[in-house]
Structure formats: structure tokens, C-alpha cells
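Lettering of chains follows the sequences in order, A, B, ..., and the numbering in each one begins at 1. Here the structure is a predicted model, which means the values were calculated and not measured.
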Amino acid sequence: MTEAGLYCPAGGFHIDPVRPVERALITHGHADHARAGHGAVMASGETLKIMAARYGEDFAGSSEKATMGESLRMGDVEVSFHPAGHVLGSCQIRLDFSGFRIVVSGDYKRQADPTCAAFELLPCDIFITEATFGLPVFRHPKAEDEIAKLLKSLRLFPDKTHLVGAYALGKAQRVIALLRQAGYDKPIYLHGALETLCRLYEEEGVELGPLEPVGKRGKELAGEIVIAPPGQLADRWARRFGDPATALASGWMRVRARARQRGAELPLIISDHADWDDLCATVLETGAEEIWVTHGAEEALVHWCKTAGLKARPLNMIGYEDSGETAESSGA
Amino acid sequence: MRDFARLLDRLSFEPRRNAKLALLTDYFASTPDPERGLALAALTNELDFRHAKPAMLRALIGKRADPVLFALSYDFVGDLSETIALMWPKREGVNAAPPRLSEVVETLAKAGKTEVPGFVSGWLDTLDETGRWALLKLVTGGMRIGVSARLAKTAVAGLGVLSPDDVEQVWHGLKPPYEGLFAWAEGRAQKPETDDPAPFRPPMLAHPIEEADFERLDPAHFAAEWKWDGIRVQASAGRERNGALKRRLFSRSGDDISAAFPDLVDELDFDAAIDGELLVMVDGRVQSFNALQQRLNRKTVTKALMKSAPVGIRAYDLLSLDGEDLRERPFEERRDRLEGFLDRLAHPALHASPMVGFSSWEELADAREDPAQFEAGEDAAAIEGVMLKRRDAPYVPGRPKGLWFKWKRDPFLVDAVLMYAQRGHGKRSSYYSDYTFGVWREGELVPVGKAYFGFTDEELLEIDRFVRNNTLNRFGPVREVVHTKENGLVLEVAFEGIARSKRHKSGLAMRFPRVARLRWDKPPAEADRIDLLEALVNEDEKA
Ligand SMILES: [Zn+2]
Ligand SMILES: [Zn+2]
């Protein structure tokens with residue numbers, strides 16, 4: 001561990017550093033993991049495209065695309081990237097040296113997601129896991145059932161614009177894809193901040209169906225679905241829709257106080273992170289003897305690992321947005 | 001139970017009054033008796049499950065979950081019932097159907113104390129997250145879903161052509177599951193027989209007066225009286241068929257609070273209904289709200305407390321007398337009847353609230369500013385402003401426009417520094433929303449009060465973030481935050497009054513403090529000093 005984050009001395013690189021470093025391996029494109037200004041960056045092709053879309057083509061001194069599942073040598077370490085199931089291009093990073101194997105999960109989920117490759121289970125000696133929803137109160141329901149709630153509300157209140165707050169990277173596209181799976185084929189209207197990433201997803205082969213910018217439209221979108229970043233729901237921008245039904249898609253919606261605080265009238269518990277049951281299951285399935293917990297509710301997961309007979313410790317990482325209120329960029 | 005749980009869930013997230021009403025009315029219309037009546041009883045707080053208390057819930061979850069994980073979860077969620085509902089572990093092989101609401105109510109009514117935990121955990125095993133949450137909220141009686149008893153009754157009225165006040169009139173004579181009430185509301189039966197001799201009559205409420213009103217309104221059309229800083233009550237009494245006298249004291253919202261005030265209720269020897277302010281009165285003098293506070297929110301009361309804090313009523317209005325409903329009469333006439341009635345009664349605890357004479361708004365403004373100089377004398381400390389009532393206005397339940405106005409005294413303001421923050425309850429349970437603030441005394445901050453509200457939701461987020469990023473120490477749910485001369489958060493705190501208090505470290509107690517503004521612009525060194533508050537105490541005591 002350094003000030004900048006997780007550091008691998010044997011390989012001479014950081015993983016998801018929060019400050020500019022010489023050499024960075026990036027798990028995925030959320031802003032708290034992927035920052036601009038590093039010397040050399042290695043990440044999946046999708047992640048590199050996302051970083052370029054967000055920060056401009058010159059987001060790093062140089063960039064190198066990692067091929068999924070292919071090992072390459074960096075210093076004394078064999079490094080390989082594997083899907084994490086979190087958002088498009090998200091990876092776990094596997095490190096092998098002297099017969100010892102560490103897996104850095106980045107952010108991950110085990111639920112199905114039509115917009116990205118599924119999580120790959122990687123047996124290892126040390127598993128470095130996230131714990132965004134690392135409390136037993138978080139058990140995510142089926143995302144399909146949450147989408148059904150949204151569609152039911154649309155039937156009950158056909159005169160209302162249904163304004164759905166969803167993070168720009170990952171959540172918004174997953175909500176759209178889930179709506180399409182549920183048979184919703186009308187145009188879905190997008191806040192300007194979502195357009196670039198939706199286009200990028202489509203270019204990468206994720207079908208999202210007919211999408212329209214909201215543009216200057218307001219009340220005429222009664223009965224339509226509009227997707228916007230969560231921060232826009234309470235903003236002046238949202239007033240153009242009159243009295244919309246406000247939904248918010250996030251794992252935090254499981255806790256009522258959070259949902260109410262964010263002004264969600266229709267909380268949709270849809271998360272791109274592993275819930276408590278999946279965190280515990282994954283920890284066991286990797287077969288790791290030692291668990292390091294990065295960001296989130298470290299304390300509970302570390303405690304649970306110990307009761308399950310595993311060595312575990314928190315990494316007390318700073319700089320990852322995990323507290324829910326501010327998690328605009330972490331896709332919770 | 002499942003429909004009821006869904007209803008509670010929807011209601012708890014729905015901010016719009018009209019949408020809540022629609023959800024409630026829709027539920028009542030589509031749910032059969034007795035389920036809907038029991039739901040109504042639950043929403044109006046008429047159900048009481050004696051044996052289902054938080055301690056029992058803790059014991060239940062203690063058997064099913066790791067105590068460390070429970071403690072961490074509870075700290076995060078902030079609400080006991082919700083924490084348990086969310087983390088309740090699934091039990092393999094359970095496939096019983098979830099209970100109906102009536103089954104829960106009937107079973108618990110009959111169950112002995114030792115049987116209750118078994119029933120509750122059995123039901124928890126059959127329900128999903130929302131169902132478990134609703135069940136636990138129901139049995140512990142802490143719904144807090146933003147539905148008042150009044151709103152629930154309004155929804156019942158909405159089933160047909162009744163008005164909410166029609167429902168209110170008969171309410172206290174009825175019992176769950178209210179089949180007669182629903183039948184009446186749906187036009188299938190006559191008004192249910194209640195023959196309640198001491199019913200609650202929905203009160204008339206005032207609008208705050210605004211600057212522009214003074215130009216519009218003619219002072220000659222209005223009478224003024226002091227607005228007392230107590231609690232608004234209705235004292236209602238009358239003869240039952242067998243001749244026995246039924247006496248009741250109601251809160252403004254229609255809760256029967258008689259049991260907490262037997263010293264007053266026993267004295268209601270009349271057939272009448274009085275609208276007035278409940279106050280602590282010692283030797284005929286009105287005491288401050290602090291004196292009254294110790295008698296509020298109690299189910300019963302001790303002799304010692306009745307002796308040290310005796311209560312009385314300053315009466316504003318007379319709603320009925322000897323079987324005659326006076327509410328259609330103009331205020332002036334009701335006021336005459338009130339004074340005559342109380343003169344004849346000559347009871348030391350029941351007085352008409354004195355009127356304030358004035359001929360212009362300026363004169364009334366002076367009286368409001370300094371009640372002591374306008375015949376309020378020693379009672380002035382318990383006055384929080386003046387009430388304006390149109391002389392010709394009938395007594396209209398609710399908050400009709402243009403008839404009654406309240407004109408409060410301006411609040412005091414102080415710039416204080418945030419020192420400690422604690423997690424809140426209910427809606428704010430996962431945020432640091434209870435703030436202890438202090439002012440300077442000889443180069444050090446002394447805590448002088450606590451504020452729980454006044455800030456917007458946005459501001460709450462800002463303060464919460466500040467607290468999390470500037471924590472010095474943690475003491476359980478409390479965090480001490482940075483508060484040096486250079487670094488810290490200055491809060492502009494508004495409050496209604498201030499008095500000396502031995503219970504507080506600073507020796508001062510504020511009345512109704514709330515956060516008026518966040519002063520990010522102000523360095524803590526520039527916050528106020530305690531001398532300012534001392535001066536206000538003297539002013540307040542003088543007033
Ligand atoms: Zn993350
Ligand atoms: Zn992420």
C-alpha cells in the first residue's frame with residue numbers, strides 16, 4: 001500500500017491508484033478507479049476507450065490494451081486481466097509470482113448483466129475484494145423484478161414522466177438493456193451526460209434500442225422513460241417534466257433512509273456490485289486463505305471472513321467513493 | 001399482510017399528499033373487512049401490542065445473527081425494525097404462506113408474553129424484506145410512514161361522499177375493525193351509532209400572517225388574543241345515558257390525553273367543549289414551556305409531579321354548551337358565552353385567555369413585541385405571539401383562509417460552532433443529523449444546545465459530509481468534529497427563547513433551536529460568545 005493506493009513492488013506498478021503514478025493497471029472505467037494523469041496505463045480495450053471518452057485522448061502518457069485472459073510479464077510478475085462482471089470492460093487482475101497467486105477484484109458482481117462479460121471465478125491464494133455492500137442487510141433482489149416495478153408504475157401513472165436516476169457508466173446502460181429484455185421498445189430519453197457512454201456501449205456491440213436525447217423537451221415526455229445521472233433528479237433540470245415519478249437505480253436503495261434522502265419515490269434496487277451473499281460466496285469459492293478488503297464496509301466482511309476461518313484484513317484505502325451519497329462515479 | 005406491506009412501502013416513499021390519499025383510498029376500496037379496518041386501526045395508532053417491544057426484537061435477531069454483524073448493520077441502517085427485516089436469514093424448507101393482517105392482530109391479542117416471540121419469528125420466516133419490515137413496524141407500533149390519523153380518515157371519507165370531519169365526529173365512539181364506518185362511507189348504511197357524550201371536535205387552525213396581509217385587512221374586523229406557548233387542547237365533557245359524566249382531554253390532533261392529566265380532567269364538571277391552551281400554572285401564573293415539558297408525552301403521572309407542575313387551561317373558544325353546538329356562531333358571540341360560562345364555573349384552573357385591545361396594527365405590533373407592557377405582566381414569558389381572529393367568523397374545522405392568523409414573535413439568532421454530531425432517527429437514520437453546537441467562552445467553545453432540524457435535505461448532505469470528513473473522535477453513534485478557531489462549521493441557529501438551566505453544562509437552555517443557515521463563509525473564531533446568550537436570557541426573563 002502507498003499513498004496512491006495498491007502497489008506491487010515486484011512488478012513496479014499500481015492498481016487503480018487515486019493519484020498520478022508512473023505505471024498503472026486499471027480495473028475499470030469508474031472515475032474513482034480510473035484517474036487521468038498516469039505515466040503508462042494498462043487496461044482492457046473498453047476501459048481505455050471509456051477513459052479516453054471521459055478525460056480526452058491524452059488521459060495518460062501512454063496506454064496499452066490488455067487482452068482478456070492473456071498473461072504477460074511485468075518485472076517478476078505474470079499479470080493477466082479477467083472479466084469482473086461490473087461494467088463494460090471491467091476486469092479483475094491476477095498476479096502470479098514465485099508460485100503465489102493474488103487476485104485483485106476491482107469492483108465486481110455475480111448477477112447477470114446483459115451489458116458486460118460475466119464474472120470469472122479465479123482460484124488464488126490472496127483475494128483482494130471490494131466490499132461496497134459488505135453488510136448483511138444488502139441482498140440485492142433480481143434486477144428483472146425491479147424493472148417490473150418501474151414498468152408497473154408506468155402503467156399506473158401513464159401521465160407522468162418516469163425519471164430514472166442511474167450512473168452514467170454501467171448502470172444507465174444496464175437499466176436500458178433490462179427494459180429492452182422486458183419488452184419495452186419505445187424510445188428511451190437520455191440526459192445529455194449519458195449520451196457519449198451509451199454511444200460507446202453501442203459501438204462495442206451492446207444493443208440498447210432506440211435512444212433519444214431529451215434536448216429541449218419537457219412536459220411532452222409524459223408517460224415516457226427518461227434516464228439521467230442521479231445528481232440531476234433534484235436539480236433544476238428535472239423541473240421541466242412537471243411532476244415526474246422519480247426512480248433511482250442503486251444498491252443503496254435497499255435502505256429506506258438512503259432512498260428517501262435521495263428523493264426516490266420509486267427506489268429500484270439494482271446494483272453493479274456484489275451483495276453480501278455474493279461477497280461471502282465469492283470469498284469462499286476462490287479458495288483463498290487470505291482476504292484483503294479494499295473499499296466499502298470492510299469491517300463486517302473482515303469479521304465474517306474470520307468467523308469462516310480465513311485470514312482477513314482491511315486495506316483502509318482512501319479516495320474511493322463508497323459512502324453512497326457521493327457515489328456518483330462509482331456505479332453503486 | 002402482503003398487500004398491507006406493499007401499501008406501507010409505497011406510502012413511505014410517496015411525498016405527495018394526494019398520491020398518498022389515492023393509495024390509501026384504493027387500498028380501502030379493494031380490501032375486504034376486517035383486513036382494511038385493522039389496517040386503518042394500525043395507521044391511526046389504535047392497535048397496541050403490549051408484548052412486542054424492541055427488546056424482544058433484539059432477542060430474536062440475537063438468536064439468528066452474529067452480534068458483530070448485527071451491530072454494524074444497525075449502525076448503518078439506523079432503524080431496528082428495518083435492520084432486522086433486511087438481515088433476517090432465510091430458513092431452508094419454510095414454505096408456509098405469509099399471515100393475513102387479521103391473523104397477526106388476532107393471534108397477538110390472545111398470545112401470552114412468552115408465546116409472542118415464537119409467533120413473530122415464524123411469520124418473519126414466511127415474509128420477504130418488505131413484509132418483514134411492515135410486520136415489525138406494525139407490532140412495535142412505530143410506523144412513521146408519513147401518514148397522519150387525519151389522512152387515513154380522509155381516505156376513508158374518500159370512499160364515498162363523507163367529509164373527513166364527518167369521520168372525525170364519530171371516530172372516538174368506534175372500535176376496530178370499523179365495519180359500520182366503512183359501510184357508512186360507502187353509502188351502504190346509516191351513520192354508525194356512537195352516542196359519545198364527550199366527542200372530539202376537529203379544531204380550527206390559523207395561518208401565519210404575512211407582511212402583505214396587514215394592508216389588506218381592516219383591524220376593526222379582528223379581535224386579538226395572546227398566543228400561549230403551551231399545547232393546544234380540547235376539554236370535552238358530557239353526560240352518558242345513565243347520567244354519568246364523561247370527561248376527556250384531547251390533543252390538537254384528536255389523541256385522547258386524559259390519562260396524563262387526571263388533575264385537570266377530574267375538574268371538568270360541565271356539559272361543554274372548550275378549545276384552549278394547556279399550561280402549567282402556579283398560583284394563577286403561567287409558567288414557561290419548560291415547566292410544561294415534564295408533563296408531556298407520558299401515559300400516566302405521579303402525585304408529586306401533579307403537585308409541582310399543576311396544569312390549567314387558558315381558554316380560547318367555546319364549541320358547545322349544554323348540548324348546543326356553538327360552532328356556527330360568530331367568534332364574538334362564542335367569546336361572550338365563553339366568558340359567561342367560565343365566570344359561572346369560577347374554577348381556578350380554567351380561565352378565558354385575555355384579549356389584547358388594539359386599534360391599529362402598529363399598536364398590536366407593540367403589544368406583540370413587549371407583552372409585559374400590555375397587561376400580560378408576569379405571564380409574558382409564556383407568550384409566543386398574538387392570534388388574530390375575525391370577529392364574525394364561525395368555528396371552521398381545518399385551516400380556512402382569511403379567518404384566523406397567528407403572528408409569532410421573531411426568533412432569536414446566534415452563530416454557533418458545530419461540535420458533535422449524532423446519527424438521527426427515522427428518515428435521517430443513516431445521516432449525522434443531530435448537532436450539538438457551542439459558543440465561545442474565554443477562548444473555548446462551550447456546548448449550548450442541540451438542533452435536529454431547520455436544514456434542507458441538501459444542507460443535511462453537506463453537513464453529513466463535513467462530519468464524516470472532519471471527525472476527531474467517535475463515541476458510539478456520536479462523532480466529535482473539528483472545531484478550532486480556524487477550522488469548523490458555523491451554524492446560524494434560530495430559537496424561540498432561552499432560560500437558565502442547571503441541567504446544561506452551559507447553564508442555559510434554548511427553546512426550539514433549529515439550524516437557520518450554514519455559514520460556510522464564517523470562520524469559527526467569528527461565532528458568537530456566550531455573553532450574547534446571557535444578555536438574551538436577561539432580556540427574555542424581563543419580557
Ligand atoms: Zn469502486
Ligand atoms: Zn466501479
Side-chain angles (χ1 to χ4, degrees), chain A residues 131 133-142 145 149 152-153 156-157 160 231 233-235 243-248 252-269 275-277 280 296-308 318 321-326, chain B residues 6 8-16 18-19 22-23 26 61 64-79 81-90 128-130 133 137 144-146 423-431 433 456-458 460-462 464-465 468-469:
Chain A
F133 291 109
L135 281 172
V137 295
F138 292 108
R139 292 201 201 104
H140 306 325
K142 278 198 201 113
D145 294 347
K149 277 206 276 191
K152 184 176 171 201
S153 174
L156 271 171
F157 301 105
K160 280 185 185 291
L233 297 187
D235 194 82
D243 185 21
T246 309
L248 187 52
W252 300 109
M253 295 298 105
R254 185 46 110 183
V255 173
R256 284 164 189 279
R258 301 258 156 173
R260 237 164 285 147
Q261 195 62 49
R262 299 302 306 261
E265 297 147 25
L266 195 63
L268 304 175
I269 309 166
D275 67 2
W276 173 257
D277 289 346
C280 295
E298 304 96 308
E299 222 178 325
L301 191 59
V302 166
H303 172 82
W304 180 87
C305 288
K306 287 181 180 162
T307 60
I318 303 161
E321 295 179 2
D322 56 12
S323 64
E325 309 89 79
T326 50
Chain B
R6 288 208 185 111
L8 292 191
D9 186 47
R10 291 289 306 272
L11 288 172
S12 73
F13 288 116
E14 178 54 67
R16 302 169 191 84
N18 283 342
L23 289 167
D26 178 59
I61 192 69
R64 292 287 187 101
D66 177 295
V68 175
L69 294 180
F70 170 71
L72 290 168
S73 297
Y74 184 29
D75 182 55
F76 182 85
V77 175
D79 178 287
S81 300
E82 189 182 348
T83 308
I84 296 172
L86 291 180
M87 72 182 296
W88 188 258
K90 287 237 152 52
D128 64 5
E129 275 90 348
T130 308
W133 168 76
K137 287 284 161 194
R144 294 208 203 160
I145 46 159
R423 279 181 193 267
H425 294 281
K427 175 181 173 188
R428 296 185 153 152
S429 58
S430 67
Y431 294 89
S433 64
T456 64
D457 286 354
E458 291 291 287
L460 172 63
L461 290 187
E462 290 170 27
D464 183 74
R465 200 169 304 142
R468 289 171 195 272
N469 291 337

Rounded distance (nearest 0.5 Å) linking atom CG of B:Asp464 with atom CD of A:Gln261: 8.5 Å
Roughly how far, to the nearest 0.5 Å, is CZ of A:Arg260 from CD of B:Glu14? 12.0 Å
Just verifying a value: how many Å separate B:Ser430 OG and A:Trp252 CH2, rounded to the nearest 0.5 Å? 9.0 Å
Bottom line for B:Ile84: the part with an atom under 4.5 Å from chain A's heavy atoms is neither
Kindly give the heavy-atom pair with the smallest separation between B:Phe13 and A:Ala264, and that separation in Å. CD2-O, 3.7 Å
Non-neighbouring partners of A:Glu265 that pass salt bridge (Lys or Arg N to Asp or Glu O under 4.0 Å), sequence neighbours left out: B:Arg16
Nearest 0.5 angstrom please: B:Glu129 CD to A:Arg139 CZ, how far? 6.0 Å
With respect to chain B, which residue among A:Thr307, A:Leu266, A:Val137 yields the maximal number of heavy-atom pairs within a distance under 4.5 Å? A:Val137
Which atoms of A:Pro267 come close to chain B, meaning under 4.5 Å heavy atom to heavy atom: side chain ones, backbone ones, both, or neither? side chain
Sub-4.5 Å side-chain heavy-atom contact between B:Leu86 and A:Arg254: yes
Is the side chain of A:Glu299 donor-acceptor paired with the backbone N or O of B:Leu72 at a distance under 3.5 Å, no angle test? no
Less than 4.5 Å to any heavy atom of chain B: does that hold for the side chain of A:Asp243, its backbone, both, or neither? both
Taking side chain as C-beta onward, heavy atoms only, is B:Trp133 less than 4.5 Å from A:Arg256? yes
Side chain, backbone, both or neither: which part of A:Thr246 has a non-hydrogen atom closer than 4.5 Å to chain B? neither
Chain A contact via B:Asp128 - side chain, backbone, both or neither, heavy atoms under 4.5 Å: neither
